[in-house]
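These notes are about the structure you will find just below.
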Amino acid sequence: MTDLATLLEVGGPVATLGGGVVYARARHPGVYWSTVGLPVSTVRLLSSYGSVMEACGLTVAPSRLRVLAVKATTRREVRPVPPRRGIIRPTTTGLRVRLRLAPGQEPADVAASAERLRHAWGVHAVYVTTIKPGVVDLRLVGFDVLRKVRMPRKLRPDFLRVPVALREDATPFVRDYRTVPHQLTLGATLSGKSMYLRHLVAGLARQPVALVGIDCKRGVELAPFAPRLSALATDPEQAAELLPVLIKEMEDRYDLIKARQGIALSTPDEEITSDIWGLPEHERLVPVVLFVDEVAELFLVATKKDEERRDEMVTQLIRLAQLGRAAGIYLEVCGQRFGAELGKGATMLRAQLTGRVCHRVNDEASAKMALGDIAPEAVSAACAIAPERPGLAVAGDTSGGWSRIRTPYLSLGGAAETCRESAHLVPDLPAFKPFRPDVPVRPPAETSSPVMRPCPVTD
């Protein structure tokens, strides 16, 4: 009985501790990693580094000088040499360690062994980044950071740079309009495409830029951001009137660049290699970001007259995509599908959209439309996105690189409130005033009226 009582006294706290660890791992992976996963993975890495590298084929034969030195000083067996390991740097989501490759090795050798390293050191994933020739950075991620997205706290948006999502390697995905001026974002219904758009609008609303929207779904997506929008078109007819204004704005900006730099006015816009960022700061015009939601609505036609209007709008969008960057005009095109079946000019427009973000889509053809021409291997990753993970997407660009990202939750009310607070930043652009959306007046807050009690009746 005494032994049983002692066992129960000891086993109770142990069982409670074990249950707490299991609960933390399932519900709070960040806490579990900081308290349990980080020390365990660090010990595994330090104790098995050499043997793991040898098993993965990441070692090289030692030099003759090393062989002679080992034999002269010790009687140990001369083993193959692994990459030189730097200091292990713990993070809130994993570990980082820098490796100096041995002669004859390349970063692709380490990247090919990433899955083996993941299992050997007990982490969720291993990512390899080239720092400089001969040096790579191993980023070990301890848990699935995309299951519950938390953006880094120290991250702050910069001018025309908006952090909108988190990559699977725990680094932020930043939408940089100076680097990737135009982007295509695809996603089926309830895939998280609207959430991605909210983050973009909310991030740009705090910056000195002009926001222009074309939302052919009667404005249901962009109308809540009306206080911060310089112009808004809610149907194809209004879009057909707004796009020529954007073209005229672009041409006026090119004329300003020509005049400031002494370029002849007869020089075609296509031959001007400079942009508005070369102008003095006091002459520099405010950038314009055009959001096109449900772009397929601009391509759909029912009559011959609609077809002529469609061709004109598509031509104008292509001109903005080809020439807008130097004039400080950037495109953010969103839709559920986008491909050649939309009509003439669709493929040409898509080719001008450097950045690609593909959320969950309904068929493989849609994923190929977004990623097939820049990163064919990313198509299968986009098709594997589960419906129960809204906001998960595959992001790529024309460089061929791609990664999985996920957007954190942002309510429509929160994004709209940000736009209301930033309404004073709407730039003064006279050409857009006819298209400035009506800002609804917020109803006054309801105040609780005092309860009226009947007076007692007295004789």
Using the six-membered ring wherever Trp is involved, compare the ring planes of F173 and Y196 and label them parallel, tilted or perpendicular (cut-offs 30° and 60°).
tilted

N/O donor-acceptor pair under 3.5 Å between R406 side chain and P390 backbone:
yes

Counting distance only, does the side-chain N/O of R228 pair as donor-acceptor with the main-chain N or O of A205 below 3.5 Å?
yes

Short N-O contact, R319 and E251, less than 4.0 angstrom:
yes

Intermediate values then yes/no, side-chain contact (heavy atoms from CB on, under 4.5 Å), D293 and K217
CA-CA 8 Å; D293 189 63; K217 293 192 296 185; 3.3 Å; yes

Euclidean distance, L392 CG relative to R404 CZ, rounded to 0.5 Å
8.0 Å

With distance as the sole test, does R436 use its side chain to make a donor-acceptor pair with the main-chain N or O of L229 at under 3.5 Å?
yes

Would you say CG of L190 has more than 12 non-hydrogen atoms from neighbouring residues, nucleotides or ligands within 6.0 angstrom?
no

In terms of side-chain geometry, is the basic nitrogen of R118 or E115 positioned less than 4.0 Å from the acidic oxygen of its partner?
yes

Smallest heavy-atom separation, M151 atom then P172 atom, equals CE-CB, 4.3 Å

Close side-chain approach of L331 to V292, heavy-atom, < 4.5 Å:
no

Check this for me, if you would: do R178 and D158 make a salt bridge, where the nitrogen-to-carboxylate-oxygen distance has to be below 4.0 angstrom?
no

Close side-chain approach of L429 and L285, heavy atoms under 4.5 Å
no

Taking C-beta and beyond as the side chain, do S41 and L140 meet within less than 4.5 Å on heavy atoms?
no

Atom CG of L45 and atom CG of L138: how far apart are they, to the nearest 0.5 Å?
8.5 Å

Any donor-acceptor pair under 3.5 Å linking the side chain of R198 with the backbone of A415?
no

Output the distance between atom CG (L317) and atom CD1 (I247), rounded to the nearest 0.5 Å.
8.0 Å

Of all the heavy-atom pairs spanning P107 and V128, show the shortest one and how long it is.
O-CG1, 4.4 Å

Treating T35 as the side-chain partner and V31 as the backbone partner, does any N or O pair qualify as donor plus acceptor under 3.5 Å?
yes

Is a side-chain N or O of D252 found less than 3.5 angstrom from the main chain of E249, in a donor-acceptor match?
no

Do P437 and F225 have side chains that approach each other closer than 4.5 Å (heavy atoms only, starting at C-beta)?
no

Counting distance only, does the side-chain N/O of R153 pair as donor-acceptor with the main-chain N or O of R150 below 3.5 Å?
no

Where do A326 and I257 come nearest, in terms of heavy atoms and distance?
O-CD1, 3.9 Å

Output the distance between atom CG (L38) and atom OH (Y32), rounded to the nearest 0.5 Å.
11.5 Å

Quick one: do R309 and E312 make a salt bridge, cutoff under 4.0 Å?
no

If I take atom CG from residue L410 and atom OG from residue S194, how far apart are they, to the nearest 0.5 angstrom?
11.5 Å

Between H124 and V141, is there a donor-acceptor pair closer than 3.5 Å when you use the side chain of the first and the backbone of the second?
no

Hey, does the side chain of H199 reach the backbone of P408 with a donor-acceptor pair shorter than 3.5 angstrom?
yes

More than 12 heavy atoms of other residues, nucleotides or ligands under 6.0 Å from CZ of R89: yes or no?
yes

Scanning both residues in full, the closest heavy-atom pair of P244 with A239 reads CD-O, 4.5 Å

Would you sort out whether D176 and V180 count as a side-chain contact (heavy atoms from CB on, under 4.5 Å), showing the intermediate values?
CA-CA 6 Å; D176 189 349; V180 182; 5.9 Å; no

Check whether NZ of the Lys or CZ of the Arg R175 lies under 6.0 Å from the centre of the six-membered ring of Y177 and within 45 degrees of that ring's axis.
yes

Taking NZ, NE, NH1 and NH2 as the nitrogens, is one of them in E421 or R206 under 4.0 Å from a carboxylate oxygen of the other?
no

Are side-chain heavy atoms of L222 and L211 found at a separation under 4.5 Å?
no

What's the shortest heavy-atom distance between P427 and V286, and which atoms?
CB-CG1, 4.0 Å

Would you check, one step at a time, whether the test side-chain contact (heavy atoms from CB on, under 4.5 Å) holds for Y127 with T171?
CA-CA 11 Å; Y127 300 96; T171 59; over 6 Å; no

Mind running salt bridge (Lys or Arg N to Asp or Glu O under 4.0 Å) on E281 and R284 for me, showing each step along the way?
CA-CA 5 Å; E281 188 173 353; R284 192 178 303 159; 5.5 Å; no

Starting at CG of L95, measure out to CH2 of W33 and round the result to the nearest 0.5 Å.
4.5 Å

Could you walk me through whether L290 and I214 pass the side-chain contact (heavy atoms from CB on, under 4.5 Å) check?
CA-CA 8 Å; L290 171 62; I214 296 178; 4.0 Å; yes

Should the pair H182 and Y330 be assigned to parallel (<30°), tilted (30 to 60°) or perpendicular (>60°) ring geometry?
tilted

Please report the shortest heavy-atom distance between A378 and V394, naming the atom on each side.
CB-CG1, 3.9 Å

Keeping the roles fixed (side chain from E294, backbone from D215), state whether a donor-acceptor pair exists under 3.5 Å.
no

